[in-house]
Amino acid sequence: MIKKVIIGTTIALLLTACSSKETGDNDHQKNIQKGLDAVAENDFAKAEALFELSVEDKPNDQTTKAYLEQVSLIRQANEDIENDRVEAGLEALKKAEKYKTGSKVISAKAEEQIGLLTSSKNTEEAYRQLLKEAEALAESSNYKDSNDKLTKLLNEDLSNYNDIKQAAESLKETNLAEIEKKAEEQTAASKEEHSTVAQPTEKAYDPYEWAPGVKEAFEAELVKQQYADSVDTIRYEKLHVYNNQGFYTVYAQMDGVEMYVVTVNVKTGDYHG
């Protein structure tokens with residue numbers, strides 16, 4: 001009888017151990033699958049925690065260790081990118097993608113992030129090059145062409161490149177001020193010339209002929225007030241003559257679409273509309 005009891009107890013203990021092992025294996029596999037599901041949902045923090053549990057359950061499972069290392073690399077990459085260490089982040093993603101014993105699912109996610117990061121990097125380089133060209137034009141006093149490039153740049157989505165946007169906006173304002181200053185200087189010089197230099201002949205009075213410097217100052221003002229994308233988009237149509245002064249109807253492109261803007265007096269530069 002005692003022998004039977006001992007045998008029965010031993011069998012029960014063995015069954016309990018087997019059951020416990022089987023339960024542990026199930027938990028281990030469940031955590032791995034949940035971790036891969038979290039990767040698919042881009043929740044790498046959750047995936048890392050689940051893979052850590054799996055490694056604790058089976059410290060000698062090299063596959064789970066590889067999964068954990070891949071996800072840790074992706075998380076490190078994302079942290080590097082957030083702190084403007086783009087090259088370091090890109091390098092970590094490449095390691096996660098090429099991990100020999102890792103998961104194809106995790107490798108695919110790393111590859112996806114590499115593609116997005118590379119595209120964003122190329123876009124940023126193109127924007128910075130455009131800003132650099134605009135700055136060079138401004139330095140050579142070619143303010144109009146500089147602003148044309150800046151207008152093109154500012155029409156892009158710069159929500160992720162705030163420093164580029166701020167620099168472009170600041171330079172555009174400076175350019176407009178210089179354009180206006182230059183127009184005022186030309187107007188003053190023209191008035192001085194007409195007051196000191198005798199004209200050998202006088203041409204016929206044209207009510208639609210712009211007074212010296214008026215057109216340049218008017219167009220600079222339109223661009224400054226953002227009534228026109230650039231000076232090149234401004235178009236004039238004769239409207240009428242009043243008190244020997246011509247008036248033009250002014251059209252210009254705003255955000256690439258031409259529309260009526262104002263009516264302007266060519267002699268005084270006064271406008272309304």
Side-chain angles (χ1 to χ4, degrees), residues 42 78 80-87 89-90 93 112-187 210 213-239 248-264 266 269-273:
N42 295 318
N78 291 336
D80 286 336
I81 293 165
E82 287 177 4
N83 290 290
D84 294 327
R85 298 191 296 269
V86 177
E87 292 301 328
L90 191 58
L93 287 172
E112 177 184 317
Q113 289 201 13
I114 289 171
L116 293 172
L117 182 60
T118 301
S119 176
S120 176
K121 184 180 176 183
N122 291 340
T123 298
E124 180 179 357
E125 289 177 354
Y127 290 162
R128 291 195 182 281
Q129 179 60 32
L130 197 55
L131 177 60
K132 184 178 179 181
E133 292 172 3
E135 289 171 340
L137 287 167
E139 288 176 4
S140 61
S141 300
N142 198 341
Y143 305 115
K144 175 185 172 300
D145 288 345
S146 175
N147 269 7
D148 286 345
K149 287 188 178 293
L150 293 172
T151 296
K152 180 180 178 182
L153 177 58
L154 290 169
N155 282 336
E156 299 291 339
D157 181 6
L158 300 178
S159 55
N160 294 324
Y161 312 98
N162 195 48
D163 63 320
I164 297 177
K165 181 179 180 181
Q166 290 180 349
E169 289 175 339
S170 177
L171 180 57
K172 189 172 184 179
E173 284 296 320
T174 300
N175 286 347
L176 288 172
E178 290 296 334
I179 290 171
E180 187 173 0
K181 178 182 176 182
K182 188 175 181 180
E184 290 173 352
E185 289 174 350
Q186 289 175 344
T187 301
W210 290 89
V214 171
K215 183 179 181 183
E216 292 80 2
F218 167 69
E219 290 181 340
E221 179 67 15
L222 279 191
V223 175
K224 180 179 180 180
Q225 296 298 330
Q226 298 184 350
Y227 293 147
D229 291 343
S230 69
V231 172
D232 292 340
T233 69
I234 300 173
R235 183 171 63 85
Y236 301 94
E237 287 184 5
K238 290 181 179 179
L239 179 61
Y248 280 120
T249 300
V250 184
Y251 299 86
Q253 289 186 14
M254 287 185 279
D255 296 328
V257 178
E258 184 178 83
M259 59 183 66
Y260 164 76
V261 182
V262 293
T263 298
V264 62
V266 301
D270 295 333
Y271 62 91
H272 63 85

Novice: Could you pull out all residues at least two apart from Tyr251 that satisfy ring-ring contact (aromatic ring centres under 6.0 Å, His included)?
Specialist: none
Novice: Do Ser120 side-chain atoms and Leu116 backbone N/O form a donor-acceptor pair below 3.5 Å?
Specialist: no
Novice: Who passes side-chain contact (heavy atoms from CB on, under 4.5 Å) against Gln113, sequence neighbours left out?
Specialist: Phe44, Ile74, Asn78, Leu93
Novice: Evaluate the side-chain proximity of Tyr260 to Val250: yes if any heavy-atom separation is below 4.5 Å, no if none is.
Specialist: no
Novice: Is there any ring pair (Phe, Tyr, Trp, His ring centres under 6.0 Å) pair reaching into residues 114-138, and which pairs are they, with sequence neighbours excluded?
Specialist: Tyr127-Tyr161
Novice: If you round to the nearest 0.5 Å, how far is CD of Gln226 from CE of Met254?
Specialist: 10.5 Å
Novice: Atom CD of Glu178 and atom CD of Glu173: how far apart are they, to the nearest 0.5 Å?
Specialist: 12.5 Å
Novice: Under the salt bridge (Lys or Arg N to Asp or Glu O under 4.0 Å) rule, collect the residues that match up with Lys224, sequence neighbours excluded.
Specialist: Glu180
Novice: How many angstroms lie between atom CD1 of Ile81 and atom NZ of Lys121, to the nearest 0.5 angstrom?
Specialist: 11.0 Å
Novice: Determine whether more than 12 heavy atoms belonging to other residues, nucleotides or ligands lie under 6.0 Å from atom CD of Gln129.
Specialist: yes
Novice: Taking side-chain contact (heavy atoms from CB on, under 4.5 Å) as the test, write out the residues that go with Ala252, two or more places apart.
Specialist: Ala228, Thr233, Ile234, Val261
Novice: Any idea which heavy atoms bring Ser230 and Val223 closest together, and the distance?
Specialist: C-CG2, 3.9 Å
Novice: What residues form a ring-ring contact (aromatic ring centres under 6.0 Å, His included) with Tyr227, not counting sequence neighbours?
Specialist: none
Novice: Can you name the salt bridge (Lys or Arg N to Asp or Glu O under 4.0 Å) partners of Glu156, sequence neighbours left out?
Specialist: none
Novice: So, using side-chain contact (heavy atoms from CB on, under 4.5 Å) as the criterion, who are the partners of Ser141 when residues are at least two apart?
Specialist: Tyr143
Novice: What is the distance from atom CG of Asp255 to atom CG of Asn155, rounded to the nearest 0.5 Å?
Specialist: 6.0 Å
Novice: Taking atom types as modelled, is there a side-chain donor on Ser159 or Lys165 under 3.5 Å from an acceptor on the other?
Specialist: no
Novice: Any non-hydrogen side-chain atom of Glu221 less than 4.5 Å from a side-chain atom of Gln225?
Specialist: yes
Novice: Quick one: salt bridge (Lys or Arg N to Asp or Glu O under 4.0 Å) pairs with a partner in residues 225-235, sequence neighbours left out?
Specialist: Lys144-Asp232, Arg235-Glu237, Arg235-Glu258
Novice: Is it true that a side-chain atom of Thr118 and a backbone atom of Ile114 form a donor plus acceptor pair closer than 3.5 Å?
Specialist: yes
Novice: In a check of side chain to side chain contact (heavy atoms under 4.5 Å, CB included) between Tyr248 and each of Val262, Thr263, Leu239, Val266, which one passes?
Specialist: Val266
Novice: Could you tell me whether a side-chain N or O of Thr151 sits under 3.5 Å from a main-chain N or O of Asn147, the two making a donor and an acceptor?
Specialist: yes
Novice: Can you name the nearest heavy-atom pair linking Ala220 to Leu176, along with the distance?
Specialist: O-CD2, 4.3 Å
Novice: Using side-chain heavy atoms (C-beta onward) and a distance below 4.5 Å, is Tyr236 in contact with Thr249?
Specialist: no
Novice: Quick one: side-chain contact (heavy atoms from CB on, under 4.5 Å) partners of Ala167, sequence neighbours excluded?
Specialist: Leu131
Novice: Keeping the roles fixed (side chain from Ser170, backbone from Gln166), state whether a donor-acceptor pair exists under 3.5 Å.
Specialist: no
Novice: I need the minimum non-hydrogen distance between Trp210 and Val264, along with the two atoms involved.
Specialist: CH2-CG1, 3.8 Å
Novice: Among pairs that include at least one residue of residues 122-140, which meet salt bridge (Lys or Arg N to Asp or Glu O under 4.0 Å), considering only residues two or more places apart or in two chains?
Specialist: Glu124-Arg128, Arg128-Asp163, Glu133-Lys149
Novice: Measuring only between side-chain heavy atoms, which start at C-beta, is Thr187 closer than 4.5 Å to Val214?
Specialist: no
Novice: Mind checking the CG-CG spacing from Leu153 to Asp148? Nearest 0.5 Å is all I need.
Specialist: 12.5 Å
Novice: With a 4.5 Å heavy-atom cut-off, do Asp80 and Leu90 have their side chains touching?
Specialist: no
Novice: Using salt bridge (Lys or Arg N to Asp or Glu O under 4.0 Å) as the criterion, list what pairs up with Glu112, not counting sequence neighbours.
Specialist: Lys109
